Amino acid sequence: MSTSGGREDVLRQVSQFWSMLDDLSENEPAAYRKFIEEQMRRGAEFNAPPELHSCLRTQILKPKPGFLYINICSWKRVPAPQDVSSSLPLCGGKLEACDAEDQGWYAVLDVALNPAVLQKRKEEEADIGNIYMLALRFARQQHGMLLSQEYSIVSCSPKGSPDDLRCRLGFQKLPSTSEQLEIASQTPASLLRQISSPPSQTREADSAGQIICKPAEHVKMDLIQVISSTFQGPQEPEYLLEVKTDAAGAPRSVELTVELPKVRFMSECQLRVSKEDVLLQVEDVYHLLLEFPKTVNEDTASAVFNKRKRRLALTVDVL
């Protein structure tokens, strides 16, 4: 019932919109056609495919060792930041993992920004290294990777063809020129009938081969605003990581406190502790991967969850 009601509401709004243009179509057909063509022109600019700007490569240390290639792309579909103090919108594509005989296991990730962001850095001769660091941070936070702090710029990545970029970023192909001209020649009534009528089997077969862009999700992370065309991943919870010392000032233990307001029971948490890092996961809700400031003895780790405060406390001895 809710789906049907939502569809009817949309059709009602579309009908009202076209009714306002009905007089323009009947009384001034040239102006109506000009209006439609202008909307198509703007839509074509907005829907221009992403273009490769540069590519960097770094090492994946965990969860599976290998190389990570990050394609930095220019894409008009990604909005530009409103001002210098606002967050920087990014569009992250689907992570593609591969295992090739000649180079072993690797993964490819596409990160797109508005062309104005990259162009401004070129014109001002600004260091683009901060863009690369943001891309690396995005990969760590969204995909739970432990990455090397070092990276190199490479000419291209495996599976870095334009079609590969468009597929992973969820690019939607535009109608052909003939289809655009056909739409521009239709009346508001005929377009409304086309929208409201169920798609035919032929149309469904045609669209099956097209690349569909799913609705964008917005997640703010400090100076990064992630616009994901594929999914909305788990959030990084608030946390406090401290090194406790003894009376002589020597490191004694590491304590991690994590705020988990959406968790009710300890059983919902998946916790993994190693000598170098800790991984906390709550399926589809939270994801936290941290490097310990000191090497620890994972066998001494103990965790307590406070149900009332929704807070997890982890303590582990330093080696």
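We're numbering straight along the sequence, starting at 1. The structure displayed is predicted, hence computed values, not measured ones.
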To the closest 0.5 Å, what do you measure between [atom1] ([X]) and [atom2] ([Y])?
X    : Y    : atom1 : atom2 : value
Q142 : E236 : CD    : CD    : 10.0 Å
L280 : L288 : CG    : CG    : 6.0 Å
Q119 : H53  : CD    : NE2   : 8.5 Å
M133 : Q149 : CE    : CD    : 6.0 Å
T257 : L312 : OG1   : CG    : 8.5 Å
I60  : H143 : CD1   : NE2   : 10.0 Å

Just so I know, are the side chains of [X] and [Y] near enough to count as touching, which here means a heavy-atom distance under 4.5 Å?
X    : Y    : value
C73  : E51  : no
I72  : L113 : yes
Y106 : L68  : no
L56  : V154 : no
K76  : P115 : yes
R272 : L289 : yes
L90  : R137 : no
L109 : E96  : no

Under 4.5 Å between side-chain heavy atoms, counting indirect links through other Ile/Leu/Val/Met/Phe/Trp/Tyr residues: same cluster for [X] and [Y] or not?
X    : Y    : value
L319 : V278 : no
Y286 : L146 : no
I131 : Y151 : yes
L279 : V258 : no
F67  : I153 : no

Looking at K62, I want to see if its NZ is surrounded by more than 12 non-hydrogen atoms of other residues, nucleotides or ligands under 6.0 Å.
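Atom NZ in K62 is crowded, with more than 12 foreign heavy atoms closer than 6.0 Å.
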Surrounding OH of Y239 (heavy atoms of other residues, nucleotides or ligands, distance under 6.0 Å), is the total greater than 12?
no
Between R168 and D110, does any side-chain N to carboxylate O distance fall below 4.0 Å?
yes
Heavy atoms only: give me the nearest [X]-[Y] pair and the separation to one decimal.
X    : Y    : value
L314 : A301 : CD1-CB, 4.2 Å
F292 : K275 : CD1-O, 4.0 Å
P65  : L61  : CG-O, 3.9 Å
C55  : C156 : SG-C, 4.1 Å
S54  : Y132 : OG-OH, 2.9 Å
C91  : L169 : O-CD2, 3.9 Å

Mark yes or no for whether E268, through its side chain, and F265, through its backbone, hold a donor-acceptor pair below 3.5 Å.
yes
Sequence neighbours left out, what pairs pass side-chain hydrogen bond (donor to acceptor under 3.5 Å, both in side chains) with at least one residue falling in residues 295-319?
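Applying side-chain hydrogen bond (donor to acceptor under 3.5 Å, both in side chains) to every pair that reaches into residues 295-319, excluding sequence neighbours, yields E259-R311.
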Apply side chain to side chain donor-acceptor pair (under 3.5 Å) to N114 and list each qualifying residue two or more places apart in sequence or on a separate chain.
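Not a single residue meets the side chain to side chain donor-acceptor pair (under 3.5 Å) criterion with N114.
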Assess whether side-chain contact (heavy atoms from CB on, under 4.5 Å) is satisfied between V316 and L256, documenting all intermediate values.
CA-CA 9 Å; V316 59; L256 172 64; over 6 Å; no
Worked verdict on V254 versus V318 for side-chain contact (heavy atoms from CB on, under 4.5 Å):
CA-CA 7 Å; V254 175; V318 173; 3.8 Å; yes
